[in-house]
Amino acid sequence: MRTLVGAERMAVTEGWAPGDRLHLFNVGPRHAGVELTFCAEGRPPLGPYRTVVPAQRHQALSLEELAGPAVLSPAISYAVVIVADVDVLVDLTRDTHEASRRTAA
């Protein structure tokens, strides 16, 4: 996957639901207010969903945790726009078990 380093605005364009997790890392001394907006082709944007990542902490989130399990079909890719009020690191990871179930279907 890809790690986006130290930015307040970024986008991840490789998402698939379910099974993806966004890892938000706040290495700074202040709490980070973060907004996530999910976009999929042919569907209206979802969000913004808001979360706070405490100073010098990590938070892992999935689309299912933020918006519910039936938001996007597993066959649809999505992008997520991340806006934070301080620099954060973002990493997208994929559950390989979920990915193999998608390709087998």
Side-chain angles (χ1 to χ4, degrees):
M1 294 301 120
R2 178 185 314 160
T3 300
L4 301 170
V5 180
E8 294 175 11
R9 293 176 191 226
M10 57 206 106
V12 174
T13 60
E14 305 167 344
W16 287 87
D20 285 355
R21 296 192 69 74
L22 277 175
H23 296 267
L24 306 173
F25 299 91
N26 178 4
V27 296
R30 294 184 14 220
H31 292 347
V34 180
E35 289 186 356
L36 305 156
T37 302
F38 294 86
C39 304
E41 186 174 342
R43 297 180 183 231
L46 300 169
Y49 297 99
R50 292 175 178 86
T51 189
V52 173
V53 183
Q56 300 178 341
R57 295 289 185 264
H58 160 264
Q59 186 174 41
L61 300 168
S62 71
L63 175 60
E64 293 87 0
E65 291 170 339
L66 292 168
V71 173
L72 291 177
S73 163
I76 296 175
S77 64
Y78 68 87
V80 60
V81 176
I82 303 125
V83 178
D85 58 7
V86 299
D87 285 352
V88 293
L89 304 174
V90 177
D91 189 47
L92 176 70
T93 60
R94 182 157 293 131
D95 179 341
T96 55
H97 175 72
E98 286 293 336
S100 66
R101 285 185 23 192
R102 278 195 302 275
T103 56

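Here, residue 1 is the first one in the sequence, and each next residue gets the next number. In this text the structure is predicted, and so the values were computed from the model without any measurement.
Closest heavy-atom contact between E35 and P48: OE1-CB, 4.0 Å. Between P45 and C39, the shortest heavy-atom contact is CB-SG, 4.3 Å. Contact record, V86 with A32: CG2-CB, 3.4 Å, taken as the closest heavy-atom pair. A55 and H31 get closest at one heavy-atom pair: N-ND1, 3.0 Å. When all heavy atoms are compared, the tightest approach of V53 to R57 is CG1-O, 3.6 Å. Scanning both residues, N26 and D87, for their nearest heavy atoms gives OD1-O, 4.2 Å.
For H58, the side chain to side chain contact (heavy atoms under 4.5 Å, CB included) partners are H23, F25, A60, not counting sequence neighbours.
Under the 4.5 Å side-chain heavy-atom criterion for Ile, Leu, Val, Met, Phe, Trp and Tyr, V83 and Y49 are members of distinct hydrophobic clusters. Residues V81 and M10 do not share a hydrophobic cluster, clusters being chains of Ile/Leu/Val/Met/Phe/Trp/Tyr side chains in contact below 4.5 Å.
At a threshold of 4.5 Å between non-hydrogen side-chain atoms, the residues L22 and L36 count as touching. Using a 4.5 Å heavy-atom threshold, the side chains of V80 and V90 count as separate.
Note that the CG atom of L92 and the OG1 atom of T13 stand 9.5 Å from one another [nearest 0.5 Å]. Once rounded to the nearest 0.5 Å, the distance linking OG1 of T37 with CG of L46 reads 9.0 Å. Here the CZ atom belonging to R30 is positioned 13.0 Å from the CD atom belonging to Q56, to the nearest 0.5 angstrom.
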